[in-house]
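Written out below as structure tokens is the structure these notes cover.
None of the values given here were measured: they were computed from a predicted structure. To find a chain, count down the sequence lines: A is the first, B the second, and so on, and within it residues start at 1.
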Amino acid sequence: MLAPVGGSWRDVLIIALAFMTSSLGAIGGLGGAILLVPLLSFGDMTIAQAAPLGLVSVIAGSIAAGRTQLQDGAVNHRFAVVTELGATSGAIVGVLLAGQFTDRLMSYVLAALAVVAAAGSAIRKGVRWKPDASLGAESIGEHHGSLSGVYRLNDAAVPYAPTRMILGVVTMSVAGFVTGLAGVGGGFLKTPLSSELMKLPAKVAAATSTFTIGITASTALLLMAMDGRVVVSDGALVVIGAVAGGTMGSMLQRRMSPPVVRRATALMLVVVATVLVIRA
Amino acid sequence: MIRQWTTRLIVAATVAAALGVMMRGDTGEWLDSAALLLLGGLPILRVGALAMQWSRDGDRRFAAAAGGLLVLTLFGVGVVALLR
């Protein structure tokens, strides 16, 4: 896709792809790299070359969307930091092992993960924790010295407390490993793990994952830069597209119906997985 | 406060990236690198800010977890530097 066109058109195409995938990633809470990395690999890049650009798009999208989520008080930073200890450990191992795998195997891994993400998007459920009428707006946020907190659901305050943290941190290392290996954010694994395994409310899980994928991606990008794998001129193009896309995606997310977004995202991921398998 | 400096750094990174794309050459490459450095460092800076904030608030357990995360990141950088 990218090879036959001239330099300037290639630049425009990279910006447009970063914009589109970051928008969709922010809307669906999956991070855009799971779409961007395969799309770039259809052109003149291998997955290993596209991986750092995927990380740049994850960081830009995460930061852009995070501003809105900080305003809403939906991010549980204590939960994020604890689970990131596992994810960052996994990312370090992933970066170290990235060169050991063929492009074909990486394509299959990404395709399998895209299908897992699609299933996660399609079956994710609504409300687990119930509103507490005795809690007011002032109680919204995370608790001092604890992983529990209170989040806003429409006009109600809903208390929550995550469970199975040790198992959660261990499984988060798998998400981090994927980030280091393939340059995708791992949000499509982290959000379902936080929500379904550790019982975090879906809205808090999505917002917290958006924050944490930025941290893991930042570490992995730093390691890849030290490894000489980052093409800064292409990275700058992705910054432009992904910051704009992440901002637009987080704004659209507030207005669109979540079930429609999840189904559309699931469909896109299945298409990406199919094309990856055919291409491999 | 985190939101304010996050916004400023995002704007600075985007402007640097846009100028880098337009200029190219050595200056362009320097601006591209600055954009990536600003953006890539932001999530780590945010963890550092959380560690300091929790430490000030007396939330030692989570301040230690945030500090541990920063140490782990530095450890990863060291390992990659040694093995590559």
Side-chain angles (χ1 to χ4, degrees), chain A residues 11 15 52 55-56 59-60 62-64 66-67 70-71 77-78 80-82 84-85 87-89 91-93 95-96 99 144-147 180 211-228 230-244 246-247, chain B residues 2-4 6-7 9-11 13-21 24 28-47 49-51 53-54 57-81 83-84:
Chain A
D11 291 357
I15 293 173
L55 293 175
V56 173
I59 298 166
S62 161
I63 294 168
R67 287 183 303 154
L70 272 173
Q71 201 173 6
H77 291 95
R78 290 175 174 82
V81 164
V82 171
E84 266 309 288
L85 289 168
T88 299
S89 305
I92 293 168
V93 177
V95 168
L96 288 172
H144 179 99
S146 157
L147 292 167
F211 170 51
T212 60
I213 59 176
I215 301 171
T216 316
S218 185
T219 306
L221 182 66
L222 181 64
L223 299 178
M224 284 185 188
M226 291 179 64
D227 218 11
V230 182
V231 179
V232 290
S233 54
D234 287 345
L237 298 170
V238 173
V239 169
I240 297 168
V243 167
T247 305
Chain B
I2 290 177
R3 272 189 69 224
Q4 283 175 342
T6 297
T7 304
L9 284 176
I10 290 177
V11 171
T14 311
V15 169
L19 289 173
V21 168
R24 295 300 186 191
E29 195 170 324
W30 188 88
L31 285 165
D32 290 344
S33 302
L36 291 183
L37 197 66
L38 280 171
L39 202 75
L42 202 49
I44 305 289
L45 281 176
R46 205 163 140 187
V47 174
L50 286 170
Q53 185 185 320
W54 290 336
D57 294 346
D59 198 347
R60 289 181 194 164
R61 215 158 42 114
F62 288 100
L69 184 56
L70 294 174
V71 171
L72 187 62
T73 303
L74 286 173
F75 171 76
V77 170
V79 167
V80 171
L83 296 181
R84 296 284 176 174

Nearest 0.5 Å please: distance from the [atom1] atom of [X] over to the [atom2] atom of [Y].
{"X": "A/Ile59", "Y": "B/Leu38", "atom1": "CD1", "atom2": "CG", "value": "12.0 Å"}
{"X": "B/Leu70", "Y": "A/Thr219", "atom1": "CG", "atom2": "OG1", "value": "9.0 Å"}
{"X": "B/Leu42", "Y": "A/Ser218", "atom1": "CG", "atom2": "OG", "value": "8.5 Å"}
{"X": "A/Ile63", "Y": "B/Leu9", "atom1": "CD1", "atom2": "CG", "value": "8.5 Å"}
{"X": "A/Ser233", "Y": "B/Leu31", "atom1": "OG", "atom2": "CG", "value": "12.5 Å"}
{"X": "A/Thr88", "Y": "B/Leu69", "atom1": "OG1", "atom2": "CG", "value": "4.5 Å"}

ask   = Do you know which two heavy atoms are closest between A/Ala236 and B/Asp32, and how far apart they sit?
value = CB-OD1, 3.1 Å
note = Taking every heavy atom of A/Ala60 against every heavy atom of B/Leu39, the minimum-distance pair comes out as CB-CD2, 3.6 Å
remark   = Looking only at A/Val81, A/Ile92, A/Leu222, the option with the highest number of non-hydrogen pairs under 4.5 Å against chain B is A/Val81
query = Among A/Val82, A/Leu237, A/Thr212, A/Val230, which has the most heavy-atom pairs under 4.5 Å with chain B?
reply = A/Leu237
ask   = Okay, side chain of A/Arg78, backbone of B/Phe62: is any donor-acceptor separation there less than 3.5 Å?
value = no
query = Under 3.5 Å, side chain of B/Asp59 to main-chain N/O of A/Gly145, donor-acceptor pair present?
reply = yes
Heavy-atom cut-off 4.5 Å, strictly under: side chain, backbone, both or neither for [X] against chain B?
{"X": "A/Val56", "value": "both"}
{"X": "A/Ser89", "value": "both"}
{"X": "A/Leu147", "value": "both"}
{"X": "A/Val93", "value": "neither"}

request  = Quick one: do A/Phe211 and B/Arg46 satisfy side-chain contact (heavy atoms from CB on, under 4.5 Å)? Show the steps, please.
outcome  = CA-CA 10 Å; A/Phe211 170 51; B/Arg46 205 163 140 187; 3.3 Å; yes
task = Go through B/Ala35, B/Ala16, B/Pro43 and name the one with the most non-hydrogen pairs under 4.5 angstrom from chain A.
result = B/Pro43
Pairs of heavy atoms under 4.5 Å with chain A: top-ranked of B/Thr14, B/Val21, B/Val15 = B/Val21
